[in-house]
2 protein chains.
Amino acid sequence: MIDALIQRMENFSHLDPLSRNELRAACIAHAQYFSPRQVIFSAGEQALGAYFVLSGFACRNLHLPNGKRPITELLLPGDVFGARAFLFKPNDHAVSSLTHLQAAFLSRTTLSRWSRRSPSLNEALWRARALQSAIHGQWLINVGSRTAIERLAHLFCELLVRLRAVSLATQDACTLPLTQTNLADATGLTPVHVNRTLARLSRLGISTFKDNRLIVHDPARLQEIGGFDPEYLRTPGPDPQECLPDSIASPQFDDRAAALMRHPGTLNEIPPAATARRT
Amino acid sequence: MIDALIQRMENFSHLDPLSRNELRAACIAHAQYFSPRQVIFSAGEQALGAYFVLSGFACRNLHLPNGKRPITELLLPGDVFGARAFLFKPNDHAVSSLTHLQAAFLSRTTLSRWSRRSPSLNEALWRARALQSAIHGQWLINVGSRTAIERLAHLFCELLVRLRAVSLATQDACTLPLTQTNLADATGLTPVHVNRTLARLSRLGISTFKDNRLIVHDPARLQEIGGFDPEYLRTPGPDPQECLPDSIASPQFDDRAAALMRHPGTLNEIPPAATARRT
DNA sequence: CGTGCAATTGAGTTGAGTCAAGGCTAGTGG
DNA sequence: CCACTAGCCTTGACTCAACTCAATTGCACG
């Protein structure tokens, strides 16, 4: 499972052999085990470093005074968490395990040292954060402007793609150790309504979620319902060419950027209809 | 207005005089003007650099096939946008101006050069991103688990605090050049319902939003309704002491981190009731 | 002096939430 | 080995917050 993490980081940036070995060694040396429902970070606490998830599921969540407990992030094997907080301020959300969890703790000191020494690892970390951020943006849209069935469809599509990236899902199925209550917290719905909606998805022959297992029978429909476009999850791949289409040093990049420095970008006016909100 | 930006960056990290001057000069040299409703980045486009908002409002939004146009981020003077995309992949959302907008474009090349040369500026940029990320997290909670009146209350509190940070708001009022439709897109509501809810806030004597101006008559109530805790918006302040309570090099930091490297953090079990969702 | 967008208001509909009861399963302890 | 308990899932009946549809006003801009 450490290999999944390494593979994942490789997807963000091609690691030099030294960094790769160092990362692997550190993950083995600093692995920690958590049982389900354990608090790893709590809100308001100052983070001392970051965790790399090696196996199991975790989530970032919060206790609201009204009793709700929204999940703002699902952390899967290969994900990193806590890296943001250690740059900024005490955490504003807690992180807790959903299943048995294995995670490597790397202190701020270690991370700083690494990112100074290995630009590729630094880049990988940045990109890992950027990906999380893109996911966050999609969740915001999901919760803010989709119906129950659409939200679940989108979430399922996302999780399937993310789990495939670490070889934990086949084309159309995966183990998903979440309760319906977890799904509800992640989608801003009620457990009861999630239940009914799952039943509907099943009745429509689109997907089944049972016994911690998600099976998608009609991926195309699921994707269509959720309005899912996997693009936001794509990692550039380890190939530096594809990774940085405009090399920072490339002449045509500088030309284009220089042009932008003088003239505003696309001058497209937004079509008048900000009001347009047919459904 | 450039001073507001500088002041803002200073809040993230104490800039050395050289960086400060360089930043100021670049902002003046590369300022661009956009009229309202202009597209600055469009989705799918590869970003060539980042923009620093000098004056005016902008937003990050998206066109959904169902006609909705959710706003995922409000960009105020002093905010930076586009910095994430240039590290990663094409943008997944568009950014467009809401009002007349003045923004400085800084190319990827320039930014890379700066962050290599000036650690303090690099840190400031990181923290600016981290703050955006924290705001994103709060929006997710807002849209996912609050009622209409709560969402608006929270948004108003947030905007007031953010605008105060750049001296664009007094303790209880600010100019807010947003339409009710914009508020609707930002909160995941309907313009009609936003209208009614604003009327309610006004009737309750809590706040008025009229003619692009937000006036809060009862800040305490507003904050209470929105469940708003300003903590997530606090910038550490320019004081390095306060900024990094645990200096990366400090011995007690290393002790605590080392301890974590052996034992899991807090071993608090989550109270059994993940089901607890009274209202 | 239209034309278009923003704001407003009313009436009716509905998707999702609430309340409540019952079944299934797994773990615990006698 | 068998209660007993505690989550989790399931289902039905009812309620309500927010959405839809629709019509009216007022303003700003060309």
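Letters A, B, ... are given to chains in the order of the sequence lines, protein chains preceding strands, and every chain is numbered from 1.
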Visitor: What integer distance in Å separates B:N66:CG from D:dC19:P?
Guide: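 Those two atoms, CG and P, are 13 Å apart.
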Visitor: Classify the side chain of B:R196 and the base of C:dG10 as holding, or not holding, a donor-acceptor pair under 3.5 Å.
Guide: yes
Visitor: Looking at A:Q180, does any N or O in its side chain come under 4.0 Å of the phosphate oxygens OP1/OP2 on D:dT10?
Guide: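 Yes.
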Visitor: May I ask you to evaluate whether B:N195 reaches the phosphate of C:dA7, defined as a side-chain N or O under 4.0 Å from OP1 or OP2?
Guide: no
Visitor: Can you find a pair of side-chain heavy atoms, one from B:I206 and one from B:F156, that are under 4.5 Å apart?
Guide: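 Sidechains of B:F156 and B:I206: no contact.
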Visitor: Could you check how far NE2 of A:H193 sits from P of D:dA13, rounded to whole Å?
Guide: 18 Å
Visitor: Compare the minimum distances between each of D:dC19, D:dT11, C:dA6 and the side chain of A:V192, then state the nucleotide with the smallest one.
Guide: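 The listed nucleotide nearest to A:V192's side chain is D:dT11.
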Visitor: Nearest whole Å is fine: how far is D:dG7 C1' from A:N212 CG?
Guide: 13 Å
Visitor: Roughly how many Å is it from CZ in B:R200 to P in C:dA7, rounded to a whole number?
Guide: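 Rounding to the nearest Å, CZ of B:R200 and P of C:dA7 are 19 Å apart.
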Visitor: Taking atom P of C:dC5 as reference, at what distance in whole Å does atom CG of B:L178 sit?
Guide: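 Distance check: B:L178 CG to C:dC5 P gives 19 Å.
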Visitor: Check this for me: does any side-chain nitrogen of one of A:D185 and A:K68 sit under 4.0 Å from a carboxylate oxygen of the other?
Guide: no
Visitor: Starting at CZ of A:R146 and ending at P of D:dC19, how long is that distance when rounded to a whole Å?
Guide: 16 Å
Visitor: Just by distance, no angles: are the side chains of B:N195 and B:Q180 close enough, under 3.5 Å, to form a donor-acceptor pair?
Guide: yes
Visitor: Figure out the CZ/P separation between A:F209 and D:dT10, and round it to whole Å.
Guide: 10 Å
Visitor: Which heavy atom of A:L131 sits nearest to which heavy atom of A:Y232, and what is that distance?
Guide: CD1-O, 3.6 Å
Visitor: Counting side-chain heavy atoms from CB outward, which of D:dC8, D:dA18, D:dC19 is closest to A:R37?
Guide: D:dC8
Visitor: Nearest-Å distance, CG (A:L189) to C1' (C:dG15)?
Guide: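 In whole Å, C:dG15 C1' lies 10 Å from A:L189 CG.
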